[in-house]
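Since this is a predicted model, take the numbers as computed values, not measurements. All heavy atoms count here, side chains included; hydrogens, waters and symmetry mates do not.
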Amino acid sequence: MSALIFANPAILFGLIALPVIWWLLRLTPPRPKAEVFPPLRILATVLKREETPSKSPWWLTLLRMLLAAAVILAIADPVMNPRANSLNAGGPLVLVVDNGWATAADWERRVQTANLLIDDAESADVPVSITFTADASHEAIPGTAAAARDKLTAASPKPLVPDRTRAAQAVREAMNGVRPGTLAILSDGMAAAGDNEAMSTLAALSPAEMRLIEGDGHSAVALTDAVNNAAAMSVTATRLSTASAQQMNVNALDAQGRALASGTLQFAAGAATATAEIASPFELRNDFARLNIDGLATAGAAHLLDDGFKRRRIALLAGESGSDFQPLLQPLYYISRALLPYADVIQPNTADLSVAIPQILQGNPSAIILADVGRLPSESYAPLQRWIAQGGTLIRFAGPRLAAAPADDPLVPVILRQGERALGGAMSWSEPQSLADFPGFGPFAGLPRAADITVTRQVLAEPTPDLAERTWASLADGTPLVTEKEVEAGRIVLFHTSAEATWSNLPLSGNFVEMLRRLVQLARAGGAASSGSAAEGTAATLAPYRLLTADGVLTTETGTARPIAIAANQVPVASFDHPPGLYGTEDGFTAVNLLAPKTVIARFDPTTAGRPLVREGLAGGEAVSLRPALFAAALAMLILDSLVVLFMNGAFSRVPTRRRTAGGAAAVIAALAFGLFAFVPNPSQAQEMPPGAGAKPGDEQILERLDTTHLAYVVTGERDVDNISEQGLEGLSQFLTYRTTLEPGAPVGLDITKDELAFYPIIYWPISATAPMPSQAAISRIDAYMRNGGTVLFDTRDQYSSLDGGGTTPNGERLQAILANIDIPPLEPTPADHVLTRSFYLLTNFPGRYTGSPLWVEARQEAKNTGAQLSSSGDGVTPLLITGNDFAGAWAVDSQGGPVLPTVPPDEMQREYAYRSGVNIMMYMLTGNYKADQVHVPALLERLGQ
């Protein structure tokens with residue numbers, strides 16, 4: 001497939017005529033311009049110009065040449081990325097179309113691709129057979145192109161994995177020995193069970209050619225498993241395209257579709273699987289109803305949850321607490337270790353059962369485990385029985401205490417044998433007994449028997465007609481090991497051996513963990529009187545309740561879905577008869593998801609067909625004809641040429657000059673704009689010019705600086721110093737906003753060598769001896785800034801260095817070097833009656849991070865050196881301030897608003913006064929001698945007679 005072809009290439013020979021056209025245009029000048037008869041003007045110009053040019057202007061000739069070339073190219077009909085009709089007409093067109101869950105994201109492109117193939121078949125007058133691999137039934141007999149097009153229109157993606165084997169067999173039966181011309185497989189790119197057989201069946205049809213048409217596979221990402229661990233839910237996903245690393249978000253939604261939590265899937269390059277952790281509290285995780293991959297709307301990107309995924313709250317009680325020095329002998333040690341990965345275990349904080357049992361029942365646990373508890377307080381039996389009847393699960397373990405309990409205990413599932421063989425409730429054998437195979441019913445069905453498990457002591461059950469039905473596990477001699485009894489909505493389960501390793505080694509085995517996990521899964525997730533789970537039955541048959549669409553949406557339309565029989569402890573997987581969704585009722589349901597746990601998506605391998613295949617991509621509007629754009633460009637050039645000729649021939653000579661100029665310019669601009677837009681093949685893809693694109697660079701920033709007051713600091717080039725300066729001015733800006741009517745903008749770092757300084761009333765300059773020395777040009781810019789009324793606050797930040805009585809610090813020497821070339825006025829420490837001491841707050845000193853350094857200002861008139869050229873031109877405001885107290889260090893705040901550096905000495909009142917000093921300095925900068933003029937108010941009022 002070439003990048004560009006011409007539908008009528010013979011027309012291109014017309015380009016040979018372009019030189020002739022150029023020659024004709026060059027010899028066909030425009031007509032002379034007519035002028036009013038002014039005799040003197042004609043006499044003055046008759047010898048200076050030709051009334052009839054010998055040739056047209058070069059730019060007009062070029063315009064007309066482009067116009068002719070555009071027309072010729074448009075007639076030739078150039079097409080970008082053309083698609084050729086290469087169907088083999090030697091037999092029917094056979095289309096095998098995957099319409100599984102992965103095709104939902106690009107289904108429209110697949111329909112477009114199939115339609116193009118059907119159009120080609122219609123042009124070649126060959127019949128079409130079309131089959132969809134995810135449909136339950138197939139009608140693959142070749143028919144007309146119109147019938148195939150109708151079937152394609154009626155088809156839709158299904159929330160299932162394609163079954164190519166069934167589709168291939170249907171095609172083979174429908175073809176009945178007829179050899180296809182072209183056999184095209186529109187694949188979703190994913191391998192499925194039976195692909196080898198399917199490809200062999202299709203290859204046996206001996207088509208003249210086989211094509212494999214696939215998409216890019218980027219949307220083929222599916223969730224395969226979710227495990228509710230102790231601290232978080234672990235979600236596993238698999239993907240088809242593994243070429244590059246990929247990050248995706250997984251959202252956990254409740255039953256109303258609200259997002260409760262999220263996690264991140266991080267696929268490494270070349271990895272087909274990834275795991276995300278969704279961390280949230282236990283109670284919140286139990287509200288999760290489904291998981292979704294953000295940005296993907298497919299059945300594979302959705303994972304439904306039911307009660308089986310919810311963590312149970314299990315309460316543990318023991319007849320005795322055991323010794324803390326021997327944890328392996330404690331009754332609850334092995335139980336708690338086995339349940340912690342699967343449930344939230346709670347234990348009462350008291351050994352008094354009369355207090356502990358009501359406390360536990362108040363929390364409404366899913367199950368209660370009693371380890372060797374014999375007699376319960378009499379007042380505890382009735383609440384426990386009510387809790388069990390409402391759906392609670394009671395699990396008991398035998399032991400010496402239970403063996404000595406009365407035979408009429410209502411909280412055991414069977415009647416325990418009393419007598420000499422029990423001997424304190426236990427029976428001893430000369431040879432330990434091993435486990436028998438687990439029966440086919442009950443929660444332990446399918447669990448392999450561990451040959452190394454032996455039981456040396458147990459409590460025996462009295463034989464009853466229904467004892468075998470109530471026995472979920474037994475020993476090799478047939479005596480029960482685990483029995484159960486249903487009590488209304490709940491159940492009682494009894495292990496006839498102890499929960500620690502004195503009576504058997506069962507608690508030391510992996511079977512013990514799995515048996516407890518399955519029993520906990522039988523318990524209702526929300527405790528007694530909550531919605532039940534369909535998994536409570538041993539082999540429940542559940543009707544479809546809500547089904548998942550191919551787009552990952554739950555719907556009440558159940559269609560032809562059949563009830564599903566779900567055996568206990570089995571994970572159901574979707575099929576044609578049982579699409580993914582929820583099966584059961586509103587009171588209790590089981591989730592049937594699309595893919596089985598641990599599924600890994602793999603690439604579809606068509607090479608098993610043993611025949612050469614032609615690989616293609618999906619159609620997506622790649623073929624674009626340039627004819628409309630060329631004709632539009634030619635029309636625009638024709639309009640422009642006509643306007644130019646009219647203008648040159650004086651058609652606008654009688655229009656007033658201004659209107660003529662504006663009208664001609666508007667016409668030219670309109671023609672050019674029309675031509676420009678005509679050259680865009682898809683106008684919807686044209687980029688819009690951003691607002692303000694015609695403004696000069698920096699205009700927006702200048703307007704923002706003029707509109708809002710900003711505090712500025714000099715960028716020294718040292719990261720630590722500049723960060724403190726920015727954080728300090730940010731802290732002072734926040735303080736000004738909170739305490740005054742001034743609301744400064746964000747602090748601005750200045751490069752004094754090139755940035756405009758006039759926007760800022762004051763510039764903070766932290767002096768650092770280790771920073772590069774400013775150039776003379778930069779110092780001259782600062783000098784000019786101060787002469788024009790600006791103020792610079794120099795902060796040497798070295799007050800701490802002078803506490804030992806030393807001389808000039810390095811920072812002080814650097815400041816002297818900077819000011820050496822500036823004619824500064826005389827300076828003095830801020831007098832007590834200076835405007836700075838009362839411009840907003842009443843202050844006596846100006847501390848920063850340190851205290852003790854005076855704030856130097858311009859000396860008042862009586863102390864000035866009249867020879868100094870630099871003086872205040874800003875309404876009495878000093879042009880420079882000098883301190884060593886490190887103002888920015890005291891003002892600096894972090895992103896949470898907390899101070900960054902401590903004051904020296906640590907004193908929050910010193911920091912408060914540092915902020916107040918900053919406020920007074922800003923008010924002084926912005927108001928000038930306004931505050932000083934207030935002292936003259938009484939005299940002015942007296943003079944005015946008031």
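Using a 4.5 Å heavy-atom threshold, the side chains of T236 and T224 count as touching. Looking at T844 and T837, their side chains never come closer than 4.5 Å, going by heavy atoms from C-beta outward. Using a 4.5 Å heavy-atom cutoff, the side chains of R787 and P879 are not in contact. When side chains are defined from C-beta on, P854 does not count as touching E828, because their heavy atoms never get closer than 4.5 Å. For the pair M922 and L711, the minimum side-chain heavy-atom distance is below 4.5 Å.
Checking side-chain atoms of D795 against main-chain N and O of D886 turns up a donor-acceptor pair under 3.5 Å. Judged by distance alone, the side chain of R849 and the main-chain N or O of P902 form a donor-acceptor pair under 3.5 Å. Side-chain atoms of D894 never come within 3.5 Å of backbone atoms of V900 as a donor-acceptor pair (strictly under, hydrogens ignored). No donor-acceptor distance shorter than 3.5 angstrom exists from the side chain of R290 to the backbone of G257, with no hydrogens or angles considered. The closest donor-acceptor contact from the side chain of T242 to the backbone of A272 lies at 3.5 Å or more, if one exists at all. Looking at R285, its side chain does come within 3.5 Å of a backbone N or O of S280 through a donor-acceptor pair. Side chain of N251 to main chain of D294: no donor-acceptor pair is present (N/O by atom type, distance under 3.5 Å, no hydrogens or angles). Between the side chain of N845 and the backbone N or O of G852, no donor-acceptor pair lies under 3.5 Å. Remark: side-chain polar atoms of S366 are not paired, donor with acceptor, to backbone N or O of R312 under 3.5 angstrom. Not a single donor-acceptor pair under 3.5 Å links the side chain of T753 to the backbone N or O of A778.
Between F887 and L855, the shortest heavy-atom contact is CE1-CD1, 4.4 Å. Smallest separation of non-hydrogen atoms from T350 and A356: O-CB, 3.9 Å. The two residues I278 and A261 have their closest heavy-atom pair at CG2-CB, 3.6 Å. Nearest heavy-atom pair across E912 and R739 is OE2-NH1, 3.4 Å. The shortest non-hydrogen separation linking T273 to F267 is C-CE2, 3.6 Å. The shortest non-hydrogen separation linking L265 to A274 is CD2-O, 3.7 Å.
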Original post:
What do the steps show when you test L554 against L304 for side chain to side chain contact (heavy atoms under 4.5 Å, CB included), and what is the final call?
Top reply: CA-CA 10 Å; L554 279 175; L304 303 177; 4.1 Å; yes
Original post:
I767 and I818: side chain to side chain contact (heavy atoms under 4.5 Å, CB included), yes or no, with the steps?
Top reply: CA-CA 10 Å; I767 303 300; I818 293 174; 4.0 Å; yes
Subject >> Stepwise side chain to side chain contact (heavy atoms under 4.5 Å, CB included) test for L757 and N788 >> reply: CA-CA 10 Å; L757 308 180; N788 292 328; over 6 Å; no
**OP:** Would you sort out whether M248 and V250 count as a side chain to side chain contact (heavy atoms under 4.5 Å, CB included), showing the intermediate values?
**Re:** CA-CA 7 Å; M248 312 185 82; V250 179; 6.0 Å; no
**OP:** Take Y785 and R781 through the test side-chain hydrogen bond (donor to acceptor under 3.5 Å, both in side chains) and record every step on the way to the result.
**Re:** CA-CA 6 Å; Y785 167 76; R781 297 185 83 239; over 6 Å; no
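Interatomic distance, N811 CG to T770 OG1, rounded to the nearest 0.5 Å: 7.5 Å. Y713 OH to L729 CG: the interatomic distance, rounded to the nearest 0.5 Å, is 7.5 Å. Annotation: the span from Q347 atom CD to L316 atom CG amounts to 5.0 Å, rounded to 0.5 Å. The structure places CD1 of I824 at 6.0 Å from CG of L880, a figure rounded to the nearest 0.5 Å. In this structure, the separation between CE on M923 and OH on Y841 is 9.5 Å, given to the nearest 0.5 Å. Taken to the nearest 0.5 Å, the CD1 atom of I724 stands 12.5 Å off from the CD atom of E718.
Using modelled atom types, one finds no donor on one side chain facing an acceptor on the other under 3.5 Å when comparing N885 with T851. Looking at Q910 and T903, their side chains never bring a donor and an acceptor atom within 3.5 Å of each other.
Here the options are I782, I882, I779, the test is side chain to side chain contact (heavy atoms under 4.5 Å, CB included), and the partner is L819; only I882 passes. H834 pairs in a ring pair (Phe, Tyr, Trp, His ring centres under 6.0 Å) with only one of the listed residues (W856, F846, Y924), which is Y924.
Summarising the local packing, CD of Q247 is surrounded by more than 12 heavy atoms from other residues, nucleotides or ligands at distances under 6.0 Å.
The ring pair (Phe, Tyr, Trp, His ring centres under 6.0 Å) check on F735 picks up Y915, with sequence neighbours excluded. Legend: residues meeting salt bridge (Lys or Arg N to Asp or Glu O under 4.0 Å) with D254, ordered by chain and number and at least two apart, are R258.
Seen from the ring of Y913, R916 counts as a face-on cation partner, given the 6.0 Å and 45° thresholds.
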